[in-house]
Amino acid sequence: MKPLSKTLTGEKVEIIEIRGGRGLVTKLLNMGFYPGVIVEVVSNCGYGPLIVAKGGIRLGLGFGMAQKVFVK
Amino acid sequence: MKKKIKIALAGNPNSGKTTIFNNLTGSRQHVGNWPGVTVEKKDGTFTYEGIEMKVVDLPGIYSLASHSLDEKIARDFLIEEKPDVVVAIIDSSNLERNLYLAVQLLELGVNLILDLNMIDIIENKGIKIDIKELSRVMSIPVIKTAANKGKGIDNLKSAVKDIYDRREKNTFEIDYGNDLENEIRNLSRFLGEKKILSRYSLRWLVLKLLEQDENILAKIKGLPEEKEVEKKVFESIAKLEKHFGYDVETAIVERRYAFLRGLAKECCHKIMGIRERKEITDRIDQIVTNKFLGIPIFLGLMWLTFQLVFTFGAPLAALIDSFFGWLGGIVSLGMNVLAAPAWISSLLVDGIIGGVGSVLIFLPNILLLFLIISILEGSGYMARAAFIMDRVMHTMGLHGKSFIPMMLGFGCNIPGIMAARTLESEKDRILTILVNPLMSCSARLPIYTLFAGAFFAKHQGLVVFSLYFMGIVLAIVVARIFKSIFFKQEVAPLIMELPPYRLPQVKSVLIHMWEKGSLFLKKAGTIIFVGVIFIWLLASLPAGVEYASKESLIGKLGSLLAPLFSLAGFGTWQAAVSLLFGIVAKEIVVGTLGTLYGVEGMGLKNVILQQFTPLSAYAFMAMSLIYIPCIAAIATIKKETNWKWTALAVGYSLILGWVVAVLIYQIGSLFS
């Protein structure tokens, strides 16, 4: 298990756990990003915001948020 | 009188609600391709088969849990105002997630219609959605629209009337599985017997309690049964979490999505996901969001914008200028021939033609600016700009999303200030509002164009670009300072959907440009018109005084203020009063100078060449950028925050503007 921020561009990972403030967790869950979902890392330059994809949806996550989403 | 049918349009951001709204009502609300274009509910009406219908366009939401002000507006309307019919606008290329909201609306117990919008895009890819099956499973009417082409709107109208006439109770329910259903039954029985919050659908209420929805928990607070309800809900949650091994909210969301995944598979004749468009979007994103290229590309686009605004705007502006020059000549001549009193001639030529004309000259530049902003908004780049700036903004104590209000501020600060509603944290929102007036709005453009055109003709684009850039840098610095004084906690992390790129529609881009342009014309015909007449009057009184001389009322007023600005290099009384009246509307800065000197366009340029030096002109432009937001912006800040923050916004900008102008002039003087 590692935070999303440590993934590489092009990697496909499964969301395991989302930590962080309740409001933001709820928001991510409702947007369809919940544990068990497989996402593709579209771009991650390692220190800034990153883009993940689920189906046709592209989600931009700030670095802070990416550190709180754990994947494998 | 027959009852009006109240219809709400609900859906995910960027699903086309506003386009549908415009189609239904014939209005021209602004559409764009980024989450958060609509931040306020908008009303409109139309008549269908003799029945009057009131439609409400709502901000985009992903679920009925609200996180930001715009989402709260949508949520509160749907839950508390109980519209007669709700149309769930579905982006057909993202069936699963768009239906997620629809399912919640059904649980809420609203009278729902599913509108599969943008259906043309996926049908062109050979994907068919079985709407009969969708309609059967969810037991609601389903229709298809392609709103940007105006297709399917009549079907939508008739579906609204049908469902309103029938008023059947919808019986659709998702099966959450035995464990959850048992607890739902238990809690429903308990809440039903006690008649707690009985204005809501029981099943929805129970689900929200199990999800620990903050808004509903707040409603339970203070009820006589508060403790009892909390205990019961807590027991259920504890039992379920022990069983699942993770939290109940996740379990509920997961089951909804599992159901929808199955449903989407059943109803689509090809797996969803649009390969081609997605690939183009990803390829563009790899370049524009690249860690090395992202920010340079953004700055390059901004620089290009100003080059275009000036290169193409200048010849058109010159045309308008010669028209007013000609008009002024004709009017003077006519007045002489008619032997009209000198004051009438002065009012017309100095006051109105000089004042309003000097502002109107900039219409082409303003139209071009809005043309480019509309294209950026319609393409989907807006969300990317916020994304690439997230890191920079974060180190400065702002949120990536704050960047969108800032970009909109380049058009006008008022929509910029309103757009801050999309920020999840109240503190981030207030901070974003406070610095928004530092974004150079289009009303500052006439000032920049006049002064930069007179003193820096060869590098006009670059000089104006430097002012815009100065605004951004100051906004970031000011935000950093306010952050450390008023809002010490961390910035909420960024979560933002990046919509697929779309080619902006020519029609909607042109409409948007024209709407903004006509707003400018309207301003010139009203507030600026009245403003310059008022200034002319002050410049002509007391009776017998030489027009616009130091002895006139305005001259005396200006002379009182002028010493304040001598350190900044523009200590003339004319400059002082133009800044004073510019608070009414920033265009009036130019209008005032035009009125006082009785000339516009080239004539005005020649006058200011005498009155300013390049250095003091630059200091004056910086002052115009920073000092006190215009009255309309001040009123909007007050509406979105309170008096305390409004006073701060006015106070800091005045002081900062003065300090920066003085520093520019004094430091610049050392080198020249």
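In what follows, every chain begins at residue 1, and chains take the letters A, B, ... in the order their sequences are listed.
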Hey, are the side chains of A:T26 and B:Q212 touching, using non-hydrogen atoms and a 4.5 Å cut-off? no
Between A:L29, A:V37, A:T9, A:I18, the one whose heavy-atom pairs under 4.5 Å with chain B are most numerous: A:L29
Interatomic distance, A:R58 atom CZ to B:T289 atom OG1 [nearest 0.5 angstrom]: 11.5 Å
Is the NZ atom of B:K483 crowded by more than 12 outside heavy atoms at less than 6.0 Å? yes
Any side-chain heavy atom of A:S43 within less than 4.5 Å of one from B:D285? no
Side chains of B:I495 and A:L61: closer than 4.5 Å at any heavy-atom pair? yes
Whatever's closer than 4.5 Å to a heavy atom in chain A on B:Y100 counts as side chain
So if I take each residue of residues 63-72 of chain A and look for any heavy atom under 4.5 Å from a heavy atom in chain B, which residues do I end up with? A:F63, A:G64, A:M65, A:K68
Please answer whether the main-chain N or O of A:N30 pairs with a side-chain N or O of B:Y257 as donor and acceptor at a distance below 3.5 Å. yes
Which bit of A:I51 is near chain B, if near means a heavy-atom gap under 4.5 Å: side chain, backbone, both or neither? both
Of the non-hydrogen atoms in B:R391 and A:P49, which two are nearest, and what is the gap between them? CB-CD, 4.2 Å
According to the salt bridge (Lys or Arg N to Asp or Glu O under 4.0 Å) rule, which pairs have a member within residues 21-38 of chain A, sequence neighbours left out? A:R22-B:E214, A:R22-B:E249, A:K27-B:E71, A:K27-B:E424
What is the minimum heavy-atom distance between A:G60 and B:L498, and which atoms define it? N-CG, 4.0 Å
Take atom OH of B:Y246 as the centre, draw a 6.0 Å sphere, and report whether it contains more than 12 heavy atoms from other residues, nucleotides or ligands. yes
Below 4.5 Å from any heavy atom of chain A, which atoms of B:Q286 appear? Answer side chain, backbone, both or neither. side chain
How far apart are the closest heavy atoms of A:G62 and B:D390, and which atoms are they? CA-OD2, 3.3 Å
Checking heavy atoms, do the side chain of B:N12, its backbone, both or neither come under 4.5 Å from chain A? neither
Could you report the tightest heavy-atom contact between A:K54 and B:E96, atom names first, then the distance? NZ-OE2, 3.9 Å
